[in-house]
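These notes concern the structure reproduced below.
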Amino acid sequence: MRFQTPRGTKDILPEEQIYWHLIESTATKMAKSYGYSKIDTPIFEDTDLFSRSVGDSTDILEKETYTFVDRGGDSLTLRPEGTASVARAYVQNGMHNQPQPIKLYYIFQNFRYERPQAGRYRAFNQFGVEAFGESDHYIDSEIIELAWRFLIALGINDLVLSINSIGCIDCRPEYTSNLKSYYSNHRNSICNDCDRRVDKNPLRLLDCKNDPCQSIISDAPKSVKYLCKNCETHFIAIKTNLDLLHIPFHIDNCLVRGLDYYSKTVFEIAPPTSGRTSVIAGGGRYDGLIEQIGGSYTPGIGFAMGIERIIDNLKRLNIPIEKKDPKCILLAYMGEISKTHAIKIASLIRQSGGSAVLGPSRGLKSQMKYASSIDASYVVIIGDQEIEKGVYKIKNLSTSEQIEISIDKAVDYLLNIWDL
Ligand code: HAM
């Protein structure tokens with residue numbers, strides 16, 4: 001029997017790790033520079049947490065969650081996104097008692113039972129940030145700026161930022177009721193999904209990508225026309241801030257996002273020719289979320305971006321990634337006595353902070369081949385004759401230069417490679 005990764009999942013092999021390292025280190029640096037601290041949460045949560053936050057009538061909850069009953073009879077769900085878990089952690093750990101806003105970032109894996117295709121996986125990773133306890137518009141534009149500057153820092157500089165406001169609990173009901181009555185006149189011409197959405201999740205009607213619905217969407221009422229004074233002022237201020245920060249944006253009145261917790265600001269960042277599976281970053285404000293999951297009223301806002309999609313874009317733009325693997329030396333030996341030398345030298349080097357690998361237990365030729373396959377910088381050749389002479393041979397693999405060095409000076413000589 002040959003096992004394969006489950007459908008929609010993939011291994012991240014050593015040669016791909018340079019991308020992951022670059023993204024994680026840039027994300028960490030960038031999040032910290034905006035005052036965010038790292039948080040991790042369990043990979044699964046009570047199923048109810050996601051019903052209350054992401055929403056029962058969203059695609060995610062209706063058909064994409066990995067839900068199971070554990071041996072104690074509790075219904076648990078693999079995290080399909082990070083916001084609900086981080087919000088739960090905020091409430092559970094009493095973070096509302098600390099000075100606000102609380103700013104948190106995460107880099108972790110999520111799970112959605114989606115139809116796999118390019119850029120869409122069942123196990124995927126996100127870099128996300130969440131800020132709790134600040135309702136002012138400055139944080140909306142600051143969070144958008146963070147997402148934008150992070151992608152620019154990676155060299156992905158041809159992206160399009162779309163923003164919209166979907167209103168708040170005060171103004172949205174009037175909007176959705178108008179949207180519903182507009183759609184009630186078009187029920188025969190819309191797709192089956194939209195037919196269900198009219199009653200269950202009307203905002204998502206604007207997000208439909210099916211052909212028959214496109215002309216209906218273009219004439220549908222848009223949320224910006226229904227914003228209350230507060231939401232309107234908030235949205236105008238964000239646009240002013242983005243201009244101030246020289247962040248180009250496009251207003252997309254059909255942008256609604258696929259999760260129920262959003263209010264006011266929503267935004268997405270995508271490559272110029274974009275389909276749903278190419279959106280890199282999505283986020284928005286969620287002022288009602290903390291109350292929905294049992295906390296007291298706390299405004300919130302955040303975004304998340306798919307790391308696999310960031311990597312696709314680094315590759316799309318041929319952005320060179322600097323390989324910064326630490327130098328490593330290989331200890332090649334011939335016979336049992338020289339192997340004991342190799343074992344000892346390798347251990348001494350590692351204890352002093354260097355990186356050493358023993359050659360495989362095959363002939364010298366195989367060991368030299370292995371040295372280049374692991375990108376070793378130097379090979380120390382330890383043979384019986386050398387030991388008798390009291391020396392080791394050291395070969396620099398990039399210059400092919402070879403020297404002999406006395407055994408008692410070898411470790412110090414090698415540690416100089418790392419400036420140790
Ligand atoms: P989302 O739009 O569902 O939002 O996901 C954000 C990003 O995660 C997407 O733009 C995409 O890059 C990536 N992503 C989502 N699903 C997949 C998938 N199946 N395969 C690969 N990448 C995927 C959220 O998750 C919200 N929690 C964002 C947020 C944070 N809003 C406020 N705070």
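Numbering of ligands and ligand atoms starts at 1, following listing order. For clarity, every value in this text was computed on a predicted model and none was experimentally measured.
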Quiz item: Under 30°, 30 to 60°, or over 60°: which ring-plane class applies to Y182 and H186, parallel, tilted or perpendicular?
Solution: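 If you compare the ring of Y182 with that of H186, the planes turn out tilted.
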Exercise. Tell me, please, which residues at least two apart from Y138 pass side chain to side chain donor-acceptor pair (under 3.5 Å).
Key: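 With neighbours one apart ignored, the set is E134.
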Practice problem: Not counting sequence neighbours, list each pair that qualifies as a ring pair (Phe, Tyr, Trp, His ring centres under 6.0 Å) and has a residue in residues 212-257. | Solution: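 Counting only pairs at least two positions apart or across chains, the ring pair (Phe, Tyr, Trp, His ring centres under 6.0 Å) contacts touching residues 212-257 are Y175-Y226.
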Quiz item: For the residue pair Y286 and Y262, is the inter-centroid distance of their aromatic rings smaller than 6.0 Å?
Solution: no
Practice problem: Answer with yes or no whether the side chains of T77 and E45 bring together a donor and an acceptor at under 3.5 Å. | Solution: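 There is no such pair between these side chains.
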Protein N/O near ligand 1 N/O, under 3.5 Å, which pairs?
from: ligand 1; atom 1: 2 (O); to: R257; atom 2: NH1; distance (Å): 3.0
from: ligand 1; atom 1: 2 (O); to: R257; atom 2: NH2; distance (Å): 2.9
from: ligand 1; atom 1: 3 (O); to: R112; atom 2: NH1; distance (Å): 3.0
from: ligand 1; atom 1: 3 (O); to: R112; atom 2: NH2; distance (Å): 2.9
from: ligand 1; atom 1: 4 (O); to: R257; atom 2: NH2; distance (Å): 2.8
from: ligand 1; atom 1: 5 (O); to: Q126; atom 2: NE2; distance (Å): 3.2
from: ligand 1; atom 1: 8 (O); to: Q126; atom 2: NE2; distance (Å): 3.0
from: ligand 1; atom 1: 10 (O); to: V279; atom 2: O; distance (Å): 3.2
from: ligand 1; atom 1: 10 (O); to: I280; atom 2: O; distance (Å): 3.4
from: ligand 1; atom 1: 12 (O); to: V279; atom 2: O; distance (Å): 3.0
from: ligand 1; atom 1: 12 (O); to: I280; atom 2: O; distance (Å): 2.8
from: ligand 1; atom 1: 12 (O); to: G306; atom 2: N; distance (Å): 3.0
from: ligand 1; atom 1: 16 (N); to: R112; atom 2: NH1; distance (Å): 3.3
from: ligand 1; atom 1: 19 (N); to: E114; atom 2: OE2; distance (Å): 2.6
from: ligand 1; atom 1: 19 (N); to: Y121; atom 2: O; distance (Å): 2.8
from: ligand 1; atom 1: 20 (N); to: Y121; atom 2: N; distance (Å): 2.9
from: ligand 1; atom 1: 25 (O); to: R112; atom 2: NH2; distance (Å): 3.2
from: ligand 1; atom 1: 25 (O); to: Q126; atom 2: NE2; distance (Å): 3.0
from: ligand 1; atom 1: 27 (N); to: E81; atom 2: OE1; distance (Å): 2.5
from: ligand 1; atom 1: 27 (N); to: T83; atom 2: OG1; distance (Å): 2.8
from: ligand 1; atom 1: 27 (N); to: Y261; atom 2: OH; distance (Å): 3.0
from: ligand 1; atom 1: 31 (N); to: Y262; atom 2: OH; distance (Å): 2.6
from: ligand 1; atom 1: 33 (N); to: T83; atom 2: OG1; distance (Å): 3.2
from: ligand 1; atom 1: 33 (N); to: E130; atom 2: OE1; distance (Å): 2.8
from: ligand 1; atom 1: 33 (N); to: E130; atom 2: OE2; distance (Å): 3.1
from: ligand 1; atom 1: 33 (N); to: G302; atom 2: O; distance (Å): 3.4
from: ligand 1; atom 1: 33 (N); to: F303; atom 2: N; distance (Å): 3.3

Return all side-chain donor-acceptor pairs below 3.5 angstrom for residues 287-303, not counting sequence neighbours, or 'none' if the list is empty.
from: D287; atom 1: OD1; to: R285; atom 2: NH1; distance (Å): 2.8
from: D287; atom 1: OD1; to: G300; atom 2: N; distance (Å): 3.2
from: T298; atom 1: OG1; to: S296; atom 2: O; distance (Å): 2.8

